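Just so it is clear, the model here is predicted, and its values are computed rather than measured. The basis for the numbers below is simple: all heavy atoms, side chains too, and nothing from hydrogens, waters or symmetry mates.
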Amino acid sequence: MVGILNSFSFSDTKVRAVMEADRYILGLTCDGVADILRQLPFSNDKLTILPTFLNTIIDPENNETIVNVFSMSSDKAKAREILAGIKKR
């Protein structure tokens, strides 16, 4: 997924690509989600796609890995709020 995102120049195109690919993602670790989020330059875009991964995260106990992708404390708080909705597998 990261390789695919690197082929796009603009953040909005990357967001659309992630949203489209979501139905094909069977499972991701928190490290994998963090790697994808790091491909997006803007926190708002990261927060926009984060809910997309809630049903695919296979190690929710490691969600701080995802939270740490964000630099602003308000964004970290929003990420934690979103990640509270992770479904246990």
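Residues satisfying the side chain to side chain contact (heavy atoms under 4.5 Å, CB included) test with Glu81, not counting sequence neighbours, are none. Legend: residues meeting side-chain hydrogen bond (donor to acceptor under 3.5 Å, both in side chains) with Asp45, ordered by chain and number and at least two apart, are Ser11. For Lys76, the side chain to side chain contact (heavy atoms under 4.5 Å, CB included) partners are Val67, Asn68, Phe70, Arg80, not counting sequence neighbours. Residues passing the side-chain hydrogen bond (donor to acceptor under 3.5 Å, both in side chains) test with Ser43 are Asp75, sequence neighbours excluded. The side chain to side chain contact (heavy atoms under 4.5 Å, CB included) search around Asp59 returns Thr29, Cys30, Ile57, Glu61, Asn62, not counting sequence neighbours.
Counting all heavy atoms, side chain and backbone alike, Lys46 lies closest to Leu37 at CE-O, 3.1 Å. Pairing each heavy atom of Asn44 with each of Thr48, the nearest pair is O-OG1, 2.8 Å. The two residues Ile82 and Leu47 have their closest heavy-atom pair at CD1-O, 3.8 Å.
Contact of the Asp31 side chain with the Ile66 side chain is not registered, since no non-hydrogen atoms from C-beta on lie closer than 4.5 Å.
Note that the CG atom of Leu28 and the CG atom of Asp35 stand 9.5 Å from one another [nearest 0.5 Å].
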